[in-house]
Asks: 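Before I ask anything, here is the structure I am working with.
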Amino acid sequence: MNSSVIVFPGSNCDRDIAVALEKMQFKNQMVWHKETKLPKSDLIVVPGGFSYGDYLRSGAIAGKSLIINEVIKAANEGCLVLGICNGFQILTETGLLKGALLRNKNLKFINKDINIKVINNDTKFSNKYKKDQILKINIAHNEGNYITNPNHLKELINENLIAFKYCDKDGKINESCNPNGSVENIAGIFNSKKNILGMMPHPERMVDNLISNTDGVNLFSSLLK
Amino acid sequence: MKLISVKQLRLSLKKNKLKFSVTVTLKKDVLDPQGKVVQNTLQNLGMDSLKSVRQGKYFELEVNDNNQTQAEKKVDDMCKKLLANLIIEDYKINKI
Amino acid sequence: MKLISVKQLRLSLKKNKLKFSVTVTLKKDVLDPQGKVVQNTLQNLGMDSLKSVRQGKYFELEVNDNNQTQAEKKVDDMCKKLLANLIIEDYKINKI
Amino acid sequence: MKITKQIVEKHGLKIEEYANIKKLLKREPNLLELGIFSAMWNEHCSYKSSRKHLKNLPTTGKQVIQGPGENAGVIDIGGDDAIIFKIESHNHPSYIEPYQGAATGVGGILRDVFTMGARPIALLNSIHFGSPDHSKTKSLLNGVVSGIGGYGNCIGIPTVAGETKFNSTYNENILVNAMAVGHAKKDKIFYSKAKGLNKSVVYVGSKTGRDGIHGASMASAEFDENSEEKKPTVQVGDPFTEKLLMEACLELMKDNSIISIQDMGAAGLTSSSVEMASKGELGIELYLDKVPCREENMTPYEMMLSESQERMLIILEDGKEEHAKNIFKKWDLDFVVIGKTTNTNKLTLKYNNKIEGEIPIDSLASKAPMYDRKWIKKKLPKSKIDFKSLKKVKIKDALIKILSSANHSNKSWITSQYDQMVMCDTVQKSGADAALIRIHGQEKIIAVSVDSSANYCKAHPITGGKQIVCENWRNLVSVGAKPMAITNCLNFGNPEDPKIMGEFAECLIGIKESCEFLNYPVVSGNVSFYNGTNKKNISPTPVIGGIGLIQNLKKPMNHQFKKGNNNILVIGKTFGHLEQSVFFEEIYSILDGQPPEINLINEKNNGESVLEIIKNDLAESVHDVSSGGLLIALAEMSIGSNFGVKINKPKKLTNLFKYFFGEDQSRYILEINRENMKKVEEILKNNNIFYENIGLTQKDYFEVEKEMKINIKELYKINNQWYNNY
Ligand SMILES: Nc1ncnc2c1ncn2[C@@H]1O[C@H](COP(=O)(O)OP(=O)(O)O)[C@@H](O)[C@H]1O
Ligand SMILES: [Mg+2]
């Protein structure tokens, strides 16, 4: 499977995702944001980090880059697109995913391992997970507080477009295990065609037992199928 | 009975609300990385006539007070105490 | 000699510079935790009369243009394209 | 413009120093030249008060590739790999503007490390604040922590360890020390020494603004009639640009384009160009009209003294200009040839083809002043504490009080604001005795820790100096790493006061003793004097940053109990030294007497034996015993794990407070599975190590026989509330 990782100035999880993809046997290429063409890819990853320093709004400026037009085109043609953390923020800024990510409710950068629950495992991104499976996964962000309008929220729920929700270690979903204030404890969402996934947690950080765990592995192996 | 009177009290208080805006900007010679990036981006988007961008913070404050001069002094105090760091920032208060 | 003419040139250019301020604030129904924290902090500092605080962003833009309406349209365009995220934010433009 | 006495003083130069300048120049300097002298001759650049003492530190060893004198120290970790690291202070700016001060501190130290060709792989910090009830402390804490995080998170380098302390000695002068650690290939290390004539001197990075022009802010009023505004002396950091600069530099470093490279730190363009020329015994000529400027009408004086961040100076091989330029263009950074190397041994500054200043390089570097300042020795203090007269407390209450204090509370409120995992090589995060970072793509692991103990250093600087090196060494040993080398940040008061100078000199004597004995050389560092206000200097606070190495990691070692019913061994003798202890400080507000003495022979033997035990995979968890003593260390091993302890009542020391809270040095606590006891005891006996078996781990409870019992969940709560309630 061919993957492309888009690199913006200020991306800083680009190497991490590349390492994870290669470990999972993807044939990966890095694509610099000034390029005007994407290599042939089955999966495009918009990685985490601080594109353009997160200046103005996180993701806003990357959302206006040249390459992003190609990403939009490919996504509309059905290519799989994964946005992680800053990548998620960028995808919302481009409109590929609806809603927006606001400052964490405690107004602080948060880095810690949290739990998320797999809400929809019937997608190209999540079929190797069990439904309601609880993952332990790392988050690291300033602006992960997902918000959207009531209609879209209804759509997310009714069409099963919520990918992951923050939960406690027993799987309970409530305000006390919501790290950033996201509506409905949302940690990740799909677009309506389910070929685009945006998520705040970092699956690429969870593919190596020495540094964490392997709870992120199945996301990548789902894609390989 | 009591409930109504509280409501009325609230209502009467509302009349005395004064609204101010505060803008906090970086001092002239201080680096403004955000403004710089925004400027470059807008120019790259084809806004050639754009000469410069500086970014700052904006606040809208509502103060309960009957006396505007007094209220303004209070807001000024808030700016000095919290909203601006006078080492690198300037601020401006406006009645709105 | 040359130096003076450059200065004059600058001066004449300055005349065509129009300056706008843009304030970007969260829409009313979007929670503003930043404003809340500022409000609480100020209240803890003893500012009892403070009723509410909303926080936003502030920009000062300089545009090279002779025509104010046209320039304002350009600034409006910049707001829509980049400075504000209309899903969550409102903006206001002022000539300064 | 005539240089008056007043102008000289405003530049921080003494009248005798000014006389010396005239002698070296054989004429009067102009204002630009005076500014340059003031920048190069100030304490920060010239180390004029400290050089004499720093010379005595051990700086060599088989593991050392580059000792002090370059942008950072370099050590050999085997194979092709080198670790490059340094610590630096940003105390004063952080007090004035905590967010930006701390952020630019991180930015500055990162540049020191990637200038030498290393990709930074870890950040650490040592932060000291005033007393928590001092009116400024809270906002300083908030600002500093978010500044450190803001910069490190954005640039994408994990902040993995540090220390945070509160003490009223820092009320008017906080300490913010940042350390960066990078990895490079041994044959790809870049130095600042210029070589060759007529080589291009290139300016890269951000534009130059009027940031941080110190002397200038006042003197400039006299030559710049239209500027009444006070110039900002605090710089704003731009981590985004730093990230670009780092990537661009590392990209250019892949081939052989660079002769010499130097970041523009303190005294910006001045110190970077002088340093390159001085090391290469060359001259350098700069065309200041070429310098990329952020503001209009900047003068040569301002350009040379600006401390704008995120800039570098590079000397390129012939013909590499285009190639290099393209790389910087790709990263949207300025790239301008602003000068060339010459054979004049002078710094020559031209503006619009006119020479604005010309100074012999040696007068700025090797001939800069060096002082042998007066210093006085500190006597070993005698304690006046009469233990019996003190109010009685319960052991449990003392434990709770200490664990819930500002200084001993869990730091996750801080560390969760730092991205500790980015780069995906953080094997062990903050919270352990030392963090562990994997060398990317390899099995090699380095351990990092920073430590200080101002109370000990204040009470007796020699002993204190000795102690911090050992404590740092112990922290690395506790995670199973072989300690390799250190960097140090020496935060002291006013060196013109013989008492303070004595603290400095004696701390260094102590540091030297430990480093020598432990073969733990100093490869880089930084001195920060004048911490404090007129009358009140801070307690001497040398901070040690250490690097350890694990060639082959089996499993990461940390201090958390792993299982019930394991033996608990204390390595090293417990005498019950309570003077200068946390116990006295927190429970009775007494800071008195002498710090615990260190026996370096025991220190080394104990540590090496612990390493042997860990290497043979015989320990489940290991923790060094430091401030707070045995009981605090045991509590830290329980908190966050599922297991507590059951400690037997000690047989020898009758005073339980001495036993449980004494701060005797060179001790470790080991959790040992019963099956491994024989092997462990054999190692300890073979090495002649004193040890005690003091009890067992157990589920859920933290217990001292007949004295106290508490649920570890409760302990956890006690230890985790301070920051959230503050
Ligand atoms: N400012 C900080 N930044 C990062 N980590 C910190 C900071 N302050 C404390 N820590 C971490 O908290 C833990 C406890 O610190 P400390 O009590 O100083 O440890 P030790 O006594 O082992 O040196 C360590 O893992 C340390 O790295
Ligand atoms: Mg320790």
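We name chains A, B, ... by the order of the sequence lines, and we start the count at 1 in each one. Predicted, not measured: the structure shown is a model, and the values here were computed from it. All values below were derived from every heavy atom in this structure, side-chain atoms included, with hydrogens, water molecules and symmetry-related copies excluded.
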Asks: Let's test your reading of the structure: which of B:V38, B:T41, B:V53, B:V22 forms the most heavy-atom pairs below 4.5 Å with chain C?
Replies: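 Heavy-atom pairs under 4.5 Å are most numerous for B:V53.
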Asks: Run the numbers on B:K57 and C:K57 for side-chain contact (heavy atoms from CB on, under 4.5 Å), then give the verdict.
Replies: CA-CA 5 Å; B:K57 281 178 228 147; C:K57 283 177 215 144; over 6 Å; no
Asks: So, taking the atom named CD in C:E60 and the one named CG in B:L26, what distance separates them when rounded to the nearest 0.5 Å?
Replies: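 Reported to 0.5 Å precision, the distance equals 10.5 Å.
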Asks: Check each atom of C:M47 against the heavy atoms of chain B and say whether the ones under 4.5 Å are side chain, backbone, both or neither.
Replies: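 Only the side chain of C:M47 comes within 4.5 Å of chain B.
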Asks: Can you check whether C:K51 reaches B:V63 side chain to side chain, under 4.5 Å on heavy atoms?
Replies: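 Counting from C-beta outward, C:K51 and B:V63 never come under 4.5 Å.
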Asks: Where on C:K81 is there a heavy atom nearer than 4.5 Å to chain B: the side chain, the backbone, both, or neither?
Replies: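 Contact with chain B is through the side chain of C:K81 alone.
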Asks: Could you state the interatomic distance from SG (B:C79) to CG (C:L42), rounded to the nearest 0.5 Å?
Replies: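 If we round to the nearest 0.5 Å, B:C79:SG and C:L42:CG are 9.0 Å apart.
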Asks: Are more than 12 heavy atoms, taken from residues, nucleotides or ligands other than C:K73, located less than 6.0 Å from that residue's NZ atom?
Replies: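 Open: at most 12 neighbouring heavy atoms sit under 6.0 Å from NZ of C:K73.
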Asks: Nearest 0.5 Å, please: how far is CG in C:L50 from CG in B:D65?
Replies: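 Those atoms lie 11.5 Å apart.
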Asks: Once rounded to the nearest 0.5 Å, what's the spacing between atom OG of B:S21 and atom NZ of C:K92?
Replies: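 NZ of C:K92 is found 8.5 Å from OG of B:S21.
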Asks: How long is the straight-line distance from CD of C:Q39 back to CZ of B:F59, given to the nearest 0.5 Å?
Replies: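 The distance works out to 12.5 Å.
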Asks: Select, from C:L83, C:D48, C:L61, C:T25, the one with the greatest count of heavy-atom pairs under 4.5 Å involving chain B.
Replies: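 Looking at each option in turn, the highest pair count goes to C:L61.
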Asks: Out of curiosity, B:S49 OG to C:K17 NZ, how far, rounded to the nearest 0.5 Å?
Replies: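 B:S49 OG to C:K17 NZ: 12.5 Å, rounded to 0.5 Å.
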Asks: Given a strict heavy-atom distance threshold of 4.5 Å, which part of C:L82 is in contact with chain B: side chain, backbone, both, or neither?
Replies: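 Side chain of C:L82 only, per the 4.5 Å heavy-atom cut-off to chain B.
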